[in-house]
Amino acid sequence: MAKIGGFFREYLKKQPLFKNKKALQASYTPDEIPHREEQMNHVAAVLAPALRLDKPSNLFLYGKTGTGKTLVVKHVVAQMLEIAEEKKLPLSIVYLNCKMKRVADTEYRLIVQLAREFGKEIPATGLPTDEVYKLFLNHLDNKERLIILVLDEIDQLVRKAGDEFLYNLTRINTELKNVEISLLGISNDLMFLDNIDPRVKSSLSEEELVFPPYNALQIQDILRCRSEEGFFENIVAGGVIEKCAAYAAREHGDARRALELLRVSGELAERKNKQIVEIDDIDEAEDKIEKDKVFDVVTTQPKQSQIALLSIFDITEKNTNHQPIFTGDVYEVYKETCMKVKLKPLTQRRVSDIIAELDMLGIINAKVISKGRYGRTRDITLAIPPSAVPNIRVNLKEALNL
DNA sequence: CGAGATTCATGTGAAGTATACCTTTAGGCTTAA
DNA sequence: AAGCCTAAAGGTATACTTCACATGAATCTCGTA
């Protein structure tokens with residue numbers, strides 16, 4: 001016990017590295033957003049009519065991850081809400097991330113979630129979808145107001161639930177007297193607009209704006225800005241920021257990644273009782289981030305997917321001579337594992353879909369190939385660093401009581 | 001030897017089923033006049 | 001008689017299963033050079 005107490009005392013004596021760790025987190029909205037003035041102005045210009053209570057055009061933003069889309073929108077929105085508050089305007093801006101599992105990944109759940117934002121509870125199941133719409137709209141229509149609906153990662157939702165809900169949303173305006181709704185869609189997928197119903201497309205993207213990736217220099221600027229806020233002075237060694245930026249620029253200019261890299265490097269350095277963050281910490285951080293990310297995705301997966309994944313791990317491990325792994329093999333092992341856990345195995349049909357989902361999540365690569373005379377299947381390989389596997393495996397086994 | 005037919009193991013789409021949960025409705029019970 | 005509670009009826013979304021058909025290159029077949 002005394003030892004632990006001593007540890008805490010030591011801990012408190014140490015110079016902290018972080019001044020404000022929040023500033024280094026992706027969710028943080030800084031006052032300054034470097035290299036995004038143009039986009040910010042554009043967004044502001046499009047949304048501005050809302051402050052006169054005119055319906056702004058629907059706006060559609062796209063760009064790769066970590067190009068500041070969400071950040072710009074949140075910033076603009078925050079400013080607008082402030083003004084609206086000041087002038088007591090009946091303006092509501094709702095931000096919804098469609099990627100969140102079990103929250104907004106079907107049309108039904110999206111509407112339920114929206115209704116909840118406006119203080120109307122709707123059961124999570126059991127009602128017809130149009131009934132849910134009616135409930136939601138009635139709840140809104142009792143008051144005159146203007147709504148800007150921000151749908152982040154909208155491509156995810158459309159992929160799962162189709163584009164019908166977009167059509168319904170754009171149509172709301174014609175059905176309500178007191179309420180006007182503008183949509184602001186955010187997508188990571190540049191090809192997204194090509195694959196949706198043209199009717200929806202034209203109304204959804206009255207205005208479009210592309211966020212180009214940052215280049216290495218711009219990322220450096222961003223990092224410097226944030227590290228000034230986040231770290232105390234002289235903590236970050238020379239070259240560290242440059243290297244973080246270089247890593248991130250290599251991956252299509254993802255600033256979020258760069259920031260995370262810097263923050264985790266700092267955390268690692270702190271844990272090692274170092275007074276400065278050095279270049280070596282970055283490599284370690286990169287490794288850790290990758291592992292954490294996978295870990296997160298894996299542990300939030302439903303049981304059946306976990307079993308499927310565990311089966312794939314098991315096969316990969318035994319499979320020393322790099323034989324390709326096929327759906328059939330996975331299914332066999334999967335069935336065995338299910339027996340062990342005393343869970344009813346799903347059909348191969350379903351497991352096939354689960355494998356496809358795991359592929360989408362980026363945990364595995366599953367390419368459909370044809371083996372000619374010997375049929376066709378998915379060629380499955382792991383898409384995560386092998387060093388991360390043992391850890392995850394152990395965790396999966398624990399989660400499944402194996 | 002090569003063009004076309006065949007074949008396999010699974011992909012893929014559609015339709016059906018089970019489950020969990022919702023609202024409505026009707027009946028039965030309680031309560032208060 | 002009115003009010004309240006409960007259970008049944010009727011309905012939906014979602015996750016999964018069942019059924020049926022699609023795929024596509026390796027292999028086979030067979031006619032031809």
Side-chain angles (χ1 to χ4, degrees), chain A residues 96 98-139 156-169 195-197 297-312 315-316 319 323-339 341-381 383 399-400:
Chain A
L96 208 59
C98 305
K99 201 180 179 179
M100 282 154 80
K101 279 254 160 188
R102 307 261 157 194
V103 173
D105 60 353
T106 69
E107 177 173 15
Y108 186 97
R109 295 212 254 251
L110 173 78
I111 303 300
V112 168
Q113 190 59 31
L114 278 178
R116 186 165 300 158
E117 294 285 333
F118 287 98
K120 169 86 179 171
E121 287 296 324
I122 295 181
T125 167
L127 298 185
T129 306
D130 42 344
E131 184 70 20
V132 176
Y133 267 103
K134 224 188 293 170
L135 279 172
F136 175 53
L137 297 182
N138 283 342
H139 181 71
Q156 301 279 333
L157 181 52
V158 169
R159 181 147 36 193
K160 275 202 76 167
D163 52 16
E164 205 150 310
F165 77 95
L166 283 173
Y167 182 65
N168 289 333
L169 282 178
N195 302 325
I196 61 176
D197 191 322
V297 176
V298 168
T299 46
T300 54
Q301 236 21 34
K303 266 208 169 58
Q304 297 287 3
S305 306
Q306 294 189 350
I307 296 176
L309 184 60
L310 188 60
S311 308
I312 295 173
I315 295 174
T316 318
N319 181 14
Q323 297 252 327
I325 302 171
F326 301 129
T327 309
D329 312 338
V330 175
Y331 188 63
E332 286 309 311
V333 178
Y334 161 83
K335 264 198 297 193
E336 277 172 38
T337 319
C338 275
M339 297 318 260
V341 193
K342 300 212 168 56
L343 259 168
K344 198 173 143 233
L346 301 178
T347 12
Q348 180 151 349
R349 175 70 185 80
R350 178 63 186 140
V351 173
S352 174
D353 281 350
I354 287 179
I355 292 177
E357 280 164 28
L358 289 173
D359 179 45
M360 282 257 304
L361 287 167
I363 305 173
I364 60 175
N365 289 319
K367 211 173 105 208
V368 179
I369 56 163
S370 174
K371 292 186 292 165
R373 173 82 174 65
Y374 302 104
R376 80 210 221 97
T377 181
R378 286 195 167 89
D379 181 359
I380 302 165
T381 46
L400 298 167

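Nothing here was measured: the structure is a model prediction, and the numbers come from that model. Within every chain, numbering begins at 1; the chains are lettered A, B, ... in the order of the sequence lines, protein sequences first and strands thereafter.
- Comparing B:dA20, C:dA26, B:dT23 against the side chain of A:P123 picks out B:dT23 as the nearest.
- Residue-to-nucleotide contacts include a donor-acceptor pair under 3.5 Å from the side chain of A:R349 to the base of B:dG13.
- Between the base of C:dT23 and the side chain of A:R376 there is a donor-acceptor pair shorter than 3.5 Å.
- Per the geometry, CD1 belonging to A:I354 stands 15 Å off C1' belonging to B:dG11, to the nearest Å.
- Taking atom OH of A:Y133 as the reference point, atom P of C:dA13 lies 12 Å away to the nearest angstrom.
- In this entry the distance linking CG of A:D379 with P of B:dT10 reads 13 Å, nearest Å.
- Here C:dT27 is the nucleotide among C:dT12, B:dC22, C:dT27 with the atom lying nearest to any side-chain atom of A:Y374.
- At B:dG11, one or more side-chain N or O atoms of A:T327 fall inside 4.0 Å of OP1 or OP2 (strictly under the cut-off).
- The side chain of A:L127 lies closest to B:dC22 when the candidates are B:dT10, B:dC21, B:dC22.
- Checked by atom type and distance alone, the side chain of A:S370 pairs as donor or acceptor with a backbone atom of A:G372 at under 3.5 Å.
- When each of C:dT17, B:dA20, B:dT12 is scored by its nearest atom to the side-chain atoms of A:R378, the top-ranked nucleotide is B:dT12.
- A:R378 contributes a side-chain N or O that, together with a main-chain N or O of A:S352, makes up a donor-acceptor pair within less than 3.5 Å.
- Among the nucleotides C:dT18, B:dT10, C:dT12, the one closest to any side-chain atom of A:T347 is C:dT18.
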- [ ] Evaluate the side-chain contact (heavy atoms from CB on, under 4.5 Å) criterion for residues A:S311 and A:E332: first the C-alpha distance (whole Å), next the side-chain angles of each, then the deciding distance (0.1 Å), finally the verdict.
- [x] CA-CA 9 Å; A:S311 308; A:E332 286 309 311; over 6 Å; no
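- Side-chain atoms of A:L135 and A:H139, non-hydrogen and from C-beta on, never get closer than 4.5 Å to each other.
- Between the CD atom of A:Q348 and the C1' atom of B:dT12 there is a distance of 13 Å, rounded to whole Å.
- Atom CG in A:L346 sits about 14 Å away from atom P in B:dT19, given to the nearest Å.
- Summarising the geometry, the separation between CD1 on A:I369 and C1' on C:dA22 is reported as 17 Å, rounded to the nearest angstrom.
- Taking only side-chain nitrogens and oxygens, A:S370 never comes nearer than 4.0 Å to OP1 or OP2 of B:dA9.
- Checking the phosphate oxygens (OP1, OP2) of B:dG11, a side-chain nitrogen or oxygen of A:S352 falls inside 4.0 Å.
- Comparing A:V368 and A:G375 by the nucleotide of DNA chain B that holds the closest heavy atom to each, the one mapping nearer the 5' end is A:G375.
- Closest contact between the side chain of A:R350 and the listed nucleotides C:dA13, C:dC16, B:dG11 involves C:dC16.
- Closest contact between the side chain of A:Q304 and the listed nucleotides B:dT23, C:dA13, C:dC16 involves C:dC16.
- Closest to the A:R109 side chain, of the nucleotides C:dT17, C:dT12, C:dT14, is C:dT14.
- Spacing between atom CD of A:E357 and atom C1' of B:dT12 amounts to 14 Å, rounded to whole angstrom units.
- Note on A:K134 versus A:D130: no salt bridge recorded, every NZ/NE/NH1/NH2 to OD/OE distance being 4.0 Å or above.
- Counting only distance, with no hydrogens or angles, the side chain of A:T377 and the backbone of A:T327 share a donor-acceptor pair below 3.5 Å.
- Between A:Y334 atom OH and C:dC16 atom C1' the separation is 10 Å, expressed in whole Å.
- Of all nucleotides listed (B:dT23, B:dT7, C:dT14), C:dT14 comes nearest to the side chain of A:Y108.
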